[in-house]
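Here's the structure we're looking at; comments come further down.
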Protein chains: 2
Amino acid sequence: MASTLAPVTEGGDRPAFSIERILGLELERPGNCLKLHRPWTEIAAEKENAGNSVCFKHHHHPQQMKSSRPTSNWYIGRRPRTAFTNRQVSVLETVFQVNCYPGIQLREQLAGRLDLDEDRIQIWFQNRRAKLRRSLRETRLQLVQSAVADLGVRHARGDQELTQRLASRLQLEVDEEEE
Amino acid sequence: MASTLAPVTEGGDRPAFSIERILGLELERPGNCLKLHRPWTEIAAEKENAGNSVCFKHHHHPQQMKSSRPTSNWYIGRRPRTAFTNRQVSVLETVFQVNCYPGIQLREQLAGRLDLDEDRIQIWFQNRRAKLRRSLRETRLQLVQSAVADLGVRHARGDQELTQRLASRLQLEVDEEEE
DNA sequence: TTTTAATCTAATTAT
DNA sequence: ATAATTAGATTAAT
């Protein structure tokens with residue numbers, strides 16, 4: 001409900017994959033849904049091999065593609081990207097500081113308060129945790145790198161004993177953070 | 001909306017993690033949300049080490065747990081398990097036969113038609129694909145096993161050439177299905 | 001006990 | 001940069 005006005009036009013008012021049509025089908029296609037494991041990457045690869053420079057990645061409306069394969073219209077499209085407002089992000093960030101694994105009740109509260117679906121909240125927290133993990137990993141990496149550099153300096157000074165102590169302690173801390 | 005009457009009582013009518021309370025906080029807790037990567041497994045392990053045989057797994061209401069750690073109430077609870085009706089599952093299965101990666105439009109159509117949230121549809125298809133993959137893996141395993149047994153029989157008969165041909169062809173098929 | 005809805009991570013896709 | 005999707009592993013309710 002938050003500025004996601006569904007720009008997916010889908011070529012007018014005739015949906016290619018309406019449930020009515022699907023449920024009307026006689027279900028005589030046992031070998032239809034056996035293309036598991038992200039089949040659109042395969043389609044994209046085929047199109048690239050065909051010399052067509054227009055990549056599937058940049059078309060999320062496959063029914064608009066002039067493809068020779070009728071099987072490529074199995075994918076209708078993804079949800080339009082939600083554009084959170086500054087206020088929404090601000091509230092979400094504040095809550096994240098306190099609880100980065102909100103349960104269903106808090107998610108529902110947030111959804112009601114921010115006029116978003118509960119699922120958007122869920123996804124936001126998943127992506128936010130991933131971002132935090134990424135930044136923690138980078139910080140840790142930089143710490144190790146600077147420590148190694150420091151190690152090098154001290155080693156050059158001939159401060160052998162301190163070097164060894166620092167190294168073992170560093171290893172310890174890195175291991176702790178692993179699990 | 002489908003027979004999910006929210007059995008999570010959360011100790012009455014006083015939510016422990018209301019947004020009001022969170023937003024009222026002074027945000028002076030920088031080291032609060034640094035327990036990433038499924039912290040509840042850690043909590044469970046701690047409880048086991050403490051000799052308490054009651055595992056966290058069987059309590060999905062942590063606020064009811066008599067834990068010595070106040071940080072164990074990070075988890076408010078998960079969404080109550082949705083009980084799909086026979087008709088809902090029937091329609092979902094039918095659609096799955098035709099398109100096991102429904103896009104946003106088809107998911108919304110299904111949600112409206114079946115009186116479910118769109119994200120319940122999304123989750124259902126994710127779990128359904130996982131189930132299909134699992135069964136395909138098992139089928140493949142059984143095929144390989146029976147083929148190996150067959151190989152053994154033919155080898156015992158001394159039919160060396162046919163054995164080798166069958167083996168190479170089998171390897172080919174297994175490789176094809178991998179990617 | 002089995003099945004499967006819900007949650008999570010990690011990687012990826014795509015806006 | 002980050003919202004959305006996926007596979008895969010796991011947790012937990014039925």
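So you know, we letter chains A, B, ... as the sequences are listed, proteins then strands, and number each from 1.
Applying the 4.0 Å criterion to OP1 and OP2 of C:dT9, one finds that A:Arg129 has a side-chain N or O inside that range. The shortest distance between the side-chain N/O atoms of A:Lys131 and the OP1/OP2 oxygens of D:dT2 is below 4.0 Å. In terms of phosphate contacts, B:Tyr101 brings a side-chain nitrogen or oxygen within less than 4.0 Å of OP1 or OP2 of D:dA7. Dashed line: the shortest gap from a side-chain N or O of A:Arg133 to OP1 or OP2 of C:dT9 is under 4.0 Å. For D:dA9, the OP1/OP2 oxygens have no side-chain nitrogen or oxygen of B:Arg134 closer than 4.0 Å. Under 4.0 angstrom from either OP1 or OP2 of D:dA3 there lies no side-chain N or O belonging to A:Arg128.
The side-chain contact (heavy atoms from CB on, under 4.5 Å) check on B:Arg137 picks up B:Arg133, B:Arg140, with sequence neighbours excluded. Listed by chain and number, the residues in a side-chain contact (heavy atoms from CB on, under 4.5 Å) with A:Asp150 are A:Arg154, A:Leu166 (sequence neighbours excluded). Every residue meeting the side-chain contact (heavy atoms from CB on, under 4.5 Å) condition with B:Gln122, not counting sequence neighbours, appears here in chain and number order: B:Arg107, B:Glu118, B:Gln126. With sequence neighbours left out, B:Thr85 forms a side chain to side chain donor-acceptor pair (under 3.5 Å) with B:Gln88. Residues satisfying the side chain to side chain donor-acceptor pair (under 3.5 Å) test with A:Arg129, not counting sequence neighbours, are none.
Judged by distance alone with a 3.5 Å cut-off, no donor-acceptor contact links the side chain of A:Arg79 to the base of D:dT5.
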Next on the checklist: Dot-bracket, 5' to 3', for DNA chain D please: Watson-Crick or G-U pairs under 3.5 Å, [ ] where pairs cross earlier ones, | where the partner sits on another strand, dots elsewhere.
Outcome noted: |||||||||||||.
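Across all strands, A:Arg107 comes closer than 4.0 Å only to sugar-phosphate atoms, never to a base (heavy-atom distances). Using a 4.0 Å heavy-atom cutoff across all strands shown, A:Gln122 reaches sugar-phosphate atoms only and no base atom.
Here the side chain of A:Arg137 is nearest to one of C:dA10, C:dA5, C:dT9, namely C:dA10.
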